[in-house]
Participant: 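I'd like to ask you about the structure that follows.
Residue numbers count from 1 along this sequence.
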Amino acid sequence: MKKLSLLICCALLIQLLCSCADQKEEIKEPVNFYYCNSNIDYNSPTGVIQPEVRESSGFHGNLLTFLRAYLQGPVNSDLKRFIPADVYIVSCQIDGDRVILVMSSQFSNLSGIELTTACSALLMTIHDYTGSQTLQISAKDARLDDKTEIVLTMDDLVLIDTVEQS
C-alpha cells in the first residue's frame with residue numbers, strides 16, 4: 001500500500017511539474033513585433049505582415065535596445081523575417097515623429113518586395129512602440145534599390161487590397 005501511495009504521489013508531482021513548465025510567462029507590457037507570415041494570405045489585413053506579441057518591460061523606453069531585440073527575429077515558427085541575421089543598427093535617432101535608422105551595409109542585400117515588406121514591418125513595429133509615423137532608413141555605404149534612403153509613412157501602408165475585380 002505504501003508503494004502504491006508513493007507511486008501516486010510521484011505521478012502527481014510529475015504532472016504538476018510538467019503543467020508548470022507549459023505555462024507561458026504573463027505579458028505585463030505587451031508590444032507588437034511585426035514579421036512576415038510564412039504562409040501569405042492576401043485576403044486579410046494580417047495575411048502578409050502579422051504581429052508577434054512580446055514583453056516590452058525590459059526595453060525601458062530605449063528604442064535601440066527594442067530594435068536589437070526585434071532584429072533577433074520571431075519566436076513563432078509561423079512567422080519569418082526578411083532582414084538577414086547579420087544586419088545590425090549603425091545609428092538610430094528620433095526626430096519628431098520620424099525615426100531615422102542607418103543599418104549595416106548587409107541590409108542592402110534586400111531588394112524589391114522583400115525590402116518593401118521588411119521596411120513596412122519595421123515601420124509598423126516602431127509605430128506601435130513609439131507612435132512615430134515615419135521611418136527613414138538607409139544602409140551604411142550602400143544603396144537600397146538604387147536609392148540612398150527609403151522614407152515610408154504609416155499612410156503609405158496598404159494592408160489589404162480593397163479594390164474589387166470586375
Side-chain angles (χ1 to χ4, degrees), residues 24-25 27-164:
K24 292 183 179 177
E25 197 172 307
I27 296 176
K28 295 177 180 133
E29 295 179 34
V31 67
N32 292 322
F33 281 9
Y34 290 88
Y35 296 104
C36 189
N37 275 327
S38 294
N39 298 313
I40 293 177
D41 174 15
Y42 293 103
N43 297 318
S44 166
T46 58
V48 176
I49 298 174
Q50 182 172 329
E52 179 175 76
V53 180
R54 301 260 192 99
E55 177 62 53
S56 70
S57 63
F59 306 127
H60 308 291
N62 185 321
L63 181 59
L64 184 57
T65 303
F66 172 78
L67 290 174
R68 284 179 178 153
Y70 173 79
L71 289 178
Q72 292 175 5
V75 175
N76 184 339
S77 62
D78 292 336
L79 302 174
K80 64 180 180 178
R81 64 176 175 195
F82 277 134
I83 300 175
D86 60 347
V87 170
Y88 60 91
I89 299 167
V90 175
S91 70
C92 170
Q93 68 181 40
I94 299 175
D95 183 15
D97 76 340
R98 176 183 296 242
V99 171
I100 302 166
L101 284 180
V102 178
M103 307 297 273
S104 62
S105 62
Q106 296 89 337
F107 189 72
S108 68
N109 292 333
L110 294 172
S111 64
I113 192 68
E114 288 183 345
L115 177 61
T116 302
T117 305
C119 290
S120 299
L122 191 53
L123 172 60
M124 292 172 65
T125 301
I126 290 169
H127 175 311
D128 277 14
Y129 187 66
T130 67
S132 298
Q133 295 292 314
T134 305
L135 172 63
Q136 177 181 322
I137 191 164
S138 61
K140 183 175 175 141
D141 301 325
R143 298 179 67 81
L144 302 173
D145 276 353
D146 292 326
K147 299 176 190 140
T148 56
E149 65 186 22
I150 293 175
V151 178
L152 190 62
T153 70
M154 288 300 293
D155 291 336
D156 294 332
L157 300 181
V158 177
L159 299 178
I160 189 167
D161 186 2
T162 56
V163 177
E164 292 185 28

Participant: Is there a side-chain contact (heavy atoms from CB on, under 4.5 Å) between Lys140 and Met103 once you walk through the steps?
Facilitator: CA-CA 6 Å; Lys140 183 175 175 141; Met103 307 297 273; over 6 Å; no
Participant: Please examine the side chains of Tyr70 and Arg68, heavy atoms only from C-beta on, and report whether any two atoms are closer than 4.5 Å.
Facilitator: no
Participant: Minimum heavy-atom separation for Phe59 to Ala69, with atom names?
Facilitator: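 Where Phe59 meets Ala69 most closely, the heavy atoms are CE2-CB, 3.5 Å.
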Participant: Indicate the atoms forming the closest heavy-atom contact of Pro51 with Leu79, along with that distance.
Facilitator: O-CD1, 4.4 Å
Participant: Checking side-chain contact (heavy atoms from CB on, under 4.5 Å) for the pair Ser138/Ile150: CA distance, chi angles, key distance, verdict?
Facilitator: CA-CA 6 Å; Ser138 61; Ile150 293 175; over 6 Å; no
Participant: For residues 88-98, tabulate all N or O donor-acceptor pairs below 3.5 Å that involve a side-chain atom, not counting sequence neighbours.
Facilitator:
| residue | atom | partner | partner atom | Å |
| --- | --- | --- | --- | --- |
| Arg98 | NH1 | Gln136 | OE1 | 2.8 |

Participant: Provide the closest heavy-atom pair for Leu64 versus Asn62 in the form atom of the first, atom of the second, distance.
Facilitator: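 Minimum heavy-atom contact is N-OD1, 3.0 Å.
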Participant: Looking at Leu110 and Asp145, what are the two nearest heavy atoms and their distance?
Facilitator: O-OD1, 4.3 Å
Participant: If I compare all heavy atoms of Ala139 with all of Ser105, which pair ends up nearest, and what's the gap?
Facilitator: CB-CA, 4.4 Å
Participant: Answer yes if the side chains of Tyr34 and Asp128 hold a donor-acceptor pair under 3.5 Å, and no otherwise.
Facilitator: yes
Participant: Would you say the side chain of Val31 lies within less than 4.5 Å of the side chain of Val53, judging by non-hydrogen atoms?
Facilitator: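 No, their side chains stay 4.5 Å or more apart.
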Participant: Kindly compute the distance separating CE (Met124) from CG (Leu152), expressed to the nearest 0.5 Å.
Facilitator: 10.5 Å
Participant: How many angstroms lie between OG1 in Thr153 and CG in Asp156, if you round to the nearest 0.5 Å?
Facilitator: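 Between atom OG1 of Thr153 and atom CG of Asp156 there are 3.0 Å.
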Participant: How long is the span from the CD atom in Glu52 to the CG atom in Asp78, to the nearest 0.5 Å?
Facilitator: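 Between atom CD of Glu52 and atom CG of Asp78 there are 10.0 Å.
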Participant: Please check: side-chain N/O of Arg81 versus main-chain N/O of Leu71, any donor-acceptor pairing under 3.5 Å?
Facilitator: yes
Participant: Would you please indicate if the ring centroids of Phe66 and Phe33 are separated by under 6.0 Å?
Facilitator: yes
Participant: So do the side chains of Leu122 and Ile137 get within less than 4.5 Å of each other, counting heavy atoms only?
Facilitator: yes
Participant: Apply side-chain contact (heavy atoms from CB on, under 4.5 Å) to Tyr35 and Ile49, showing your working.
Facilitator: CA-CA 5 Å; Tyr35 296 104; Ile49 298 174; over 6 Å; no
Participant: Please report the C-alpha distance between Lys28 and Ser57 in whole Å, then the side-chain angles of each, then the deciding distance to 0.1 Å, and finally whether the side-chain contact (heavy atoms from CB on, under 4.5 Å) criterion is met.
Facilitator: CA-CA 8 Å; Lys28 295 177 180 133; Ser57 63; 6.0 Å; no
Participant: Would you check if the side chain of Ser132 reaches a backbone N or O of Thr134 as a donor-acceptor pair within less than 3.5 Å?
Facilitator: no
Participant: Give me the atom names and distance for the closest heavy-atom approach of Leu144 to Phe107.
Facilitator: CD2-CD2, 3.6 Å
Participant: Calculate, to the nearest 0.5 Å, the distance between atoms CZ and CD belonging to Arg54 and Gln72 respectively.
Facilitator: 7.5 Å
Participant: Can you tell me how far OG of Ser108 sits from CZ of Arg143, rounded to the nearest 0.5 angstrom?
Facilitator: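 The distance works out to 11.0 Å.
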Participant: Salt bridge or not for Lys147 and Glu149, using N-O below 4.0 Å?
Facilitator: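 Salt bridge: no.
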Participant: At what distance, to the nearest 0.5 angstrom, does CD1 of Ile100 lie from CG of Leu135?
Facilitator: 9.5 Å
Participant: For the residue pair Ser56 and Glu29, establish whether any side-chain heavy-atom pair is separated by less than 4.5 Å.
Facilitator: yes
